[in-house]
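By convention in this document, chain letters (A, B, ...) are assigned in the order of the sequence lines, proteins followed by strands, and residues within each chain are numbered from 1. Note: hydrogens, waters and symmetry copies are ignored here, and every other heavy atom, side chains too, is used.
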Amino acid sequence: MTARRKRIHLAAHFPGVDSTTVRADPRSRSQIEFASFEHLARTAERGLFDFFFLTEGLRPRGHRARIHDLDVVGRPESITVLNALAAVTERIGLAATVDATFNEPYELARRLASLDHLSRGRAAWNVVTSSDAFTGQNFRRGGFLDRADRYTRADEFVRTARELWDSWRPDGVSRPFAHRGRHFDIAGEFTVPRSPQGHPVVIQAGDSAEGREFAASTADVVFTRHGTLEAGRAFYADVKGRLARYGREPGELKIMHGVTVVLGDTAAEAQEKATEIRRQQVSPQNAILALEQSWGTDPSSYDPDGPLPDIDLVADSAIAQGRTRRGDTVALAEMGVPPLERSRERGRRGLSKEKGLSIRQTVIEASARQSFIGTPAAVAAELAEFVRADAADGFILVPHPTPGGLDEFVDRVVPLLQERGDFRTEYEGTTLRSHLGLPTPRWQG
Amino acid sequence: MTSSHGRGLLHLAAAVDLHAEYDAGAFVELVGLAERGALDFVTLGDSFARPGLDALAVLARAAPATGRIGLVPTVTTTHTEPFHVQAAVATLDWVSRGRAGWWIDVSRTEGEARLFGRRHAAPAEELWQEAGEVADAAARLWDSREDGAEIRDAETGWFIDRDKLHSVDFEGATFSVKGPSIVPRPPQGHPARIVDATEGPARRTAARFADVAVVRAVGREQTGAVREELRAAAAGFGRDPDGLKVLAGLVVDLGGGEHAAEPGHGGGGPRQTAQGPLYRGGPVDLAELIAAWHQAGAVDGFHLTPVEPRRDLERLVNGTVALLQHRGLFRTFYPGSTLREHLGLARPANRYAVTGGAS
Ligand SMILES: Cc1cc2nc3c(=O)[nH]c(=O)nc-3n(C[C@H](O)[C@H](O)[C@H](O)COP(=O)(O)O)c2cc1C
């Protein structure tokens with residue numbers, strides 16, 4: 001017999017402020033009503049997914065002091081929704097994105113431990129690290145944090161949270177804690193006993209070298225987006241290669257890509273559907289908006305179906321490097337457009353020239369996420385190949401439309417993955433850590 | 001008739017505080033029990049110093065498992081971020097479809113301050129001043145997206161009418177918030193805000209911002225006097241005094257059988273203890289007390305904290321409440337679906353909404 005196949009990990013992402021939500025689609029439902037969250041989470045649980053995932057944004061996206069009116073702006077607060085979802089699901093993990101910059105360790109550690117108790121061991125925290133003053137204007141300390149400091153704070157934040165969780169011994173005895181570091185100087189007693197997972201699962205999203213190092217040193221899961229198999233393999237090797245430095249095994253960190261899946265009865269039909277969805281997602285207005293965001297100029301005089309104009313991008317390199325003060329980096333990451341480096345802009349330009357694409361077509365092509373498009377069998381094979389080739393440990397699926405877009409995947413692809421032996425046929429354990437095959441954290445006395 | 005002597009509806013609420021309970025099931029059971037009694041709402045206390053789970057988390061967990069009862073967690077304002085607090089409370093309102101409340105409290109001790117390491121403990125006046133600012137900022141943030149801001153216009157591609165989103169630009173003494181909120185305006189417009197107005201420093205904040213004030217006093221007259229004071233102060237802030245419901249807060253011990261265990265107690269009225277005014281006696285006598293205080297116009301209702309939640313809440317619902325219902329003094333079902341409806345409070349108009357087309 002061959003060794004057991006590397007199992008695929010699957011998660012579902014409820015789109016937040018995001019162009020994946022097409023509200024013109026009659027199947028789209030409210031992005032705020034609890035029923036929508038319940039539908040998607042239950043579907044994901046029916047599909048035996050590892051976790052259900054919510055992103056976060058703390059200020060409506062804007063540009064030139066105006067809020068984008070094309071955006072789906074507005075979402076509930078993640079941890080509260082997940083606590084409610086804990087009531088209508090039983091096994092699936094519940095992952096909240098919460099910024100480490102605009103929170104305090106004691107309070108957040110307590111909220112996460114509470115979620116872990118109330119869900120009986122299914123909590124996860126996606127640690128994001130905003131540095132921008134734009135978002136900071138909503139918070140007590142404002143946006144004081146330098147870009148360079150955001151990962152040092154995030155790192156100390158996670159370590160402090162773990163100290164708090166560890167202040168209760170596994171046998172139920174608690175001790176006072178004291179933490180004194182660069183960002184936090186706190187002491188007292190943590191009021192929540194050790195939760196079912198010991199430590200809620202920690203997820204990291206952020207692609208810089210600092211971000212990868214942070215992930216390698218401390219995260220259980222990395223949420224990333226790397227388009228091609230090659231890019232995925234390079235990222236995977238890079239991040240897993242950093243683990244040894246921290247005395248960690250490759251299996252202790254799962255790498256999961258945010259992806260979309262479009263299914264059809266034939267390859268051609270799937271491709272047609274995918275094109276149609278992208279056209280819905282990138283409306284003419286959205287195409288112009290995407291240019292405006294990356295250029296920082298007002299391109300509204302251009303025809304979205306006309307050719308890409310020749311604008312000197314170097315002129316606005318601050319924006320091209322993702323250093324905008326308005327939080328557009330986060331916005332773009334969430335939209336599925338990775339931080340816009342100049343090279344990417346050049347790529348977009350080349351793409352447009354080479355293929356003779358219009359502005360809208362260019363934006364559609366350039367902002368495409370990793371998509372798996374095809375028949376259920378082809379998609380199942382491709383997903384499995386991605387994992388087998390060490391480009392990923394799994395995927396975070398962004399369904400379209402919300403919330404019903406995952407139904408078809410669960411009904412048609414999951415059974416094929418199971419037949420192939422690439423995916424579980426039942427939940428073996430009850431906690432998210434057990435779904436992910438992660439070790440129980442050692443208690444650090 | 002559910003009211004008598006023109007006193008307005010009787011409002012009843014109960015605390016579901018369980019000591020050292022970390023499993024959702026026990027809380028859900030208590031909330032469900034209170035809901036069977038058609039109580040207006042349940043409360044769950046919280047403090048960063050008390051052992052226990054995050055109260056808002058627990059009641060969010062209870063929301064899908066219940067249908068009508070109001071859910072009121074304590075959320076303190078001293079070390080928390082106003083922006084996060086309002087978002088969490090608004091979200092509780094979304095997941096419960098309009099049943100959220102917020103018991104506003106402050107963190108007084110140096111011990112709590114040390115858990116955050118950001119500032120030292122402050123005097124009560126300062127803390128309540130800040131709590132008022134947080135309540136104010138929260139309400140502005142709840143208004144910062146008008147109802148109907150979402151237009152989902154397929155034709156133009158507009159999702160949102162940006163004229164219906166508003167910066168709040170709130171500047172308080174200890175914090176500022178830009179806005180608008182990230183959470184759309186909650187179903188109730190403003191989730192109900194509740195303040196324990198027993199102590200002086202909290203009273204101004206209660207009169208100005210609370211929908212429900214709880215007063216912990218042993219006597220009917222004393223409670224009635226505080227109620228009048230709160231109503232007058234509310235009017236002074238330009239509010240309709242009927243928009244502020246005043247509930248008497250009692251700790252209840254119903255372990256003593258049908259009637260008061262000690263003569264002159266229970267039926268004779270609560271007595272002061274370290275945990276607040278304690279009523280000890282039978283469910284029937286408690287019903288008498290509730291009816292008498294309410295009919296005298298001293299209170300709009302009661303907030304009851306059972307000493308032994310499982311036992312006393314059961315007796316409260318099946319004994320006291322059943323009797324009040326039997327006498328037509330308390331509702332037997334929920335005619336409305338939101339906490340504001342239970343309390344007879346209107347859904348607040350949005351301060352930013354432009355009526356009549358002027359801008
Ligand atoms: C896949 C992915 C998802 C992200 N999701 C969020 C999010 O939901 N909310 C948020 O504030 N930031 C989010 N971010 C932003 C990161 O936290 C971080 O601020 C950003 O990637 C810049 O960090 P970096 O330089 O390490 O990439 C996300 C980033 C990535 C790569």
Distance, nearest 0.5 Å, that separates [atom1] of [X] from [atom2] of [Y]:
{"X": "B:Leu115", "Y": "A:Phe177", "atom1": "CG", "atom2": "CZ", "result": "5.0 Å"}
{"X": "A:Leu108", "Y": "B:His84", "atom1": "CG", "atom2": "NE2", "result": "8.5 Å"}
{"X": "B:Phe27", "Y": "A:Leu118", "atom1": "CZ", "atom2": "CG", "result": "8.0 Å"}
{"X": "A:Arg75", "Y": "B:Ile182", "atom1": "CZ", "atom2": "CD1", "result": "6.0 Å"}
{"X": "A:Glu107", "Y": "B:Glu81", "atom1": "CD", "atom2": "CD", "result": "8.0 Å"}

Report which part of [X] has an atom under 4.5 Å of a heavy atom belonging to chain A: side chain, backbone, both, or neither.
{"X": "B:Ser181", "result": "backbone"}
{"X": "B:Glu150", "result": "side chain"}
{"X": "B:Ala87", "result": "both"}
{"X": "B:Ala137", "result": "neither"}
{"X": "B:Ala63", "result": "neither"}
{"X": "B:Asp46", "result": "side chain"}
{"X": "B:Arg145", "result": "side chain"}
{"X": "B:Ser47", "result": "backbone"}
{"X": "B:Val168", "result": "neither"}

Shortest non-hydrogen contact from [X] to [Y]?
{"X": "B:Pro184", "Y": "A:Ile32", "answer": "CD-CD1, 3.5 Å"}
{"X": "B:Thr78", "Y": "A:Arg140", "answer": "O-NH2, 3.5 Å"}
{"X": "B:Gly179", "Y": "A:Asn138", "answer": "N-OD1, 2.7 Å"}

Proximal component of [X], with respect to chain B [non-hydrogen, under 4.5 Å]:
{"X": "A:Val88", "result": "side chain"}
{"X": "A:Glu189", "result": "backbone"}
{"X": "A:Ile79", "result": "neither"}

* Asked: Counting a contact as any heavy-atom pair under 4.5 Å apart, which residues of residues 92-103 of chain A contact chain B?
  ->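 When heavy atoms of chain B are the reference, residues 92-103 of chain A contributes A:Phe102, A:Asn103 within the under-4.5 Å range.
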* Asked: Which of the residues B:His79, B:Arg97, B:Glu112, B:Arg118 is involved in the greatest number of heavy-atom pairs with chain A at under 4.5 angstrom?
  ->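 The option with the most such pairs is B:Arg118.
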* salt bridge (charged side-chain N to carboxylate O under 4.0 Å, His left out) partners for B:Asp54, two or more places apart ->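 In terms of salt bridge (charged side-chain N to carboxylate O under 4.0 Å, His left out), with neighbours along the sequence ignored, B:Asp54 is linked to A:Arg110.
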* Asked: With sequence neighbours excluded, what pairs up with B:Arg68 under the salt bridge (charged side-chain N to carboxylate O under 4.0 Å, His left out) test?
  ->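 None.
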* Asked: Do B:Gln86 and A:Glu77 have side-chain atoms, one donor and one acceptor, less than 3.5 Å apart?
  ->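 Their side chains do not contain a donor-acceptor pair, so the 3.5 Å distance test is not met.
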* To do: Can you run down the salt bridge (charged side-chain N to carboxylate O under 4.0 Å, His left out) pairs that involve residues 115-124 of chain A, sequence neighbours left out, and say none if there aren't any?
  =>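 Output for this query lists A:Arg120-B:Asp23.
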* Asked: Does B:Phe48 offer a backbone N or O that forms a donor-acceptor pair with the side chain of A:Tyr106 under 3.5 Å?
  ->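 Checked: pair present.
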* Please confirm whether the backbone N or O of A:Leu82 pairs with a side-chain atom of B:Arg61, one donor and one acceptor, at under 3.5 Å? =>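 Checking the backbone N and O of A:Leu82 against the side chain of B:Arg61, no donor-acceptor pair under 3.5 Å is found.
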* To do: Look at the aromatic rings of B:Phe83 and A:Phe139 and report parallel, tilted or perpendicular, splitting at 30° and 60°.
  =>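 Taking A:Phe139 first and then B:Phe83, their aromatic rings stand perpendicular (interplane angle over 60°).
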